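Take a look at the structure set out below.
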Protein chains: 2
Amino acid sequence: MTSVATAQDLRAEQRTFDILALVRVAFAEKGFDGASMQDLARAAGMSVGNFYRYFPSKAAIVEQLIAHDLAEMEGHFAEIMTSPFPLLTLKQQVALQIQLHQECVDGQIWAEITAAALRKPEIAQAADRMEASITANLMQVFARETGLPLAEITKRFQSHASYIVLLVKAASMQAPRAPEARDALNTLILNTIDQMLAEVARASLKVK
Amino acid sequence: MTSVATAQDLRAEQRTFDILALVRVAFAEKGFDGASMQDLARAAGMSVGNFYRYFPSKAAIVEQLIAHDLAEMEGHFAEIMTSPFPLLTLKQQVALQIQLHQECVDGQIWAEITAAALRKPEIAQAADRMEASITANLMQVFARETGLPLAEITKRFQSHASYIVLLVKAASMQAPRAPEARDALNTLILNTIDQMLAEVARASLKVK
DNA sequence: GAAAGGGAAGTGAACGTTCATTCATTTCTT
DNA sequence: AAGAAATGAATGAACGTTCACTTCCCTTTC
């Protein structure tokens, strides 16, 4: 009764998806507060009036944007979990994500979310949900890799997961630099992440 | 001729300093774009008209705010350089700064600067100046500690310095968490920083 | 010491612009 | 024909900035 998805609903959902991708660029260029509804509608290729048929308010767009990113993130983790060597796949994914975020507007968006989360409670909640989801997924990966119970993994490595999230975010938000400087910095960051993951892996070796 | 500082000038400068401290809170609460001139003037305890006697525009306030932070930073480094064990003092200062930033509005302001720097070239320049100053100072500390020439230090450890800056910034910008989670995360961050500094120190041991 | 002058400090209403949001209307799609 | 999709002008509030004006404080003059 509640979720009878008609073809129309699906099409509308897809449309919203597409609009979010376009709007993201406008937000990246002007910031959440700096981008006007005119800017956003123009970026989406439609009039202001029609734009309001898809989002009830400006604040709602931001929330849906974050929710969209969360869904994408969970998709990546689904891939990782189906891989035969989750920790290794995770490591590769992280390196790839950092690279991708740096060369598109994602880093910009995350900087905006980070700043906004510190002043607007609703955005803080959305960002918290995102972080909680990622760390929970990381706990799953760690548990799968080590064979240890989720409770123990959580107790010992939750902060490791938070640290990895912090590092990936910080790496994404970096201002552009000379390629060699950027690569050197990325290497250091990835080294730290590897170290964190190695500590997790070491926990499983004791069992073996 | 150019810089005959009258008592009046000094008083005005001090006033600007005080206003910046007040305005910082308003910016932290509403963001650079979100805070209106009315908000800022109210935070400074004066009328809008009078506020414009101290700053020619909203953009100018932000630039002066960053310049102010840069000056403060350089003051800290001056202290560090006069210490008998610069690297040790640096380590303590970093731990202290992270703690201080987390419990006042500084982290909020840095999140705002980070986001704004990615879209506004003037702010990007100001932020670059800040990063360049900090890394240059770190190079001085490293050179002093290891006895190696500045050129070699720069070649080998510039990225280490950038990484330390990134970590301190990221730590400051963290959303509030449960105390034990925050402490665990801070420990991991400080461990990484210690590691970077240890690598620098190791370079000097070879000489001894 | 009182009066007068002058410039800094401070005010808040006013200006033109832009903002988020609404809605009567038109154009597509089926 | 009917409902979904799309338009853009209209609305009132809020924006950054300006400005004519008042108040304060200190120096000079008598």
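Owing to the predicted nature of the structure, the values given are computational and were not obtained by experimental measurement. Each chain gets a letter, A, B and so on, in the order the sequences are listed, and its residues count up from 1.
- Residues satisfying the side chain to side chain donor-acceptor pair (under 3.5 Å) criterion with B:Ser172, sequence neighbours excluded, are B:His101.
- Distance A:Ile19 CD1 to D:dA6 C1': 12 Å, rounded to the nearest Å.
- For B:Tyr54, counting side-chain heavy atoms from C-beta on, the closest listed nucleotide (C:dT11, C:dA9, D:dT7) is C:dA9.
- Side-chain N/O atoms of A:Arg15 include one lying less than 4.0 angstrom from OP1 or OP2 on D:dA6.
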### Annotated protein contacts, base or backbone, on nucleotides 14-30 of chain C with a non-hydrogen cut-off under 4.0 Å, one of B, S, - each
-----SSBBB-------
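- Evaluation of the side chain to side chain contact (heavy atoms under 4.5 Å, CB included) rule for A:Glu29 yields A:Val25 as partners, not counting sequence neighbours.
- Between the CZ atom of B:Arg53 and the C1' atom of D:dC19 there is a distance of 14 Å, rounded to whole Å.
- Look at CD on B:Glu13: it is 14 Å from P on C:dA9, rounded to the nearest Å.
- Pairs passing the salt bridge (Lys or Arg N to Asp or Glu O under 4.0 Å) check and including a residue from residues 161-170 of chain B, sequence neighbours excluded, do not occur.
- Closest of all the heavy-atom pairs between B:Ala41 and B:Phe51 is CA-CD1, 3.9 Å.
- The salt bridge (Lys or Arg N to Asp or Glu O under 4.0 Å) analysis of residues 172-200 of chain B, with sequence neighbours excluded, yields the pairs A:Glu131-B:Arg177.
- Annotation: side chain to side chain contact (heavy atoms under 4.5 Å, CB included) contacts of B:Arg24 (sequence neighbours excluded): B:Leu65, B:His68, B:Asp69, B:Val105, B:Asp106, B:Ile109.
- Residue A:Met46 contributes atom CE, which lies 9 Å from atom C1' of D:dA5 at whole-angstrom precision.
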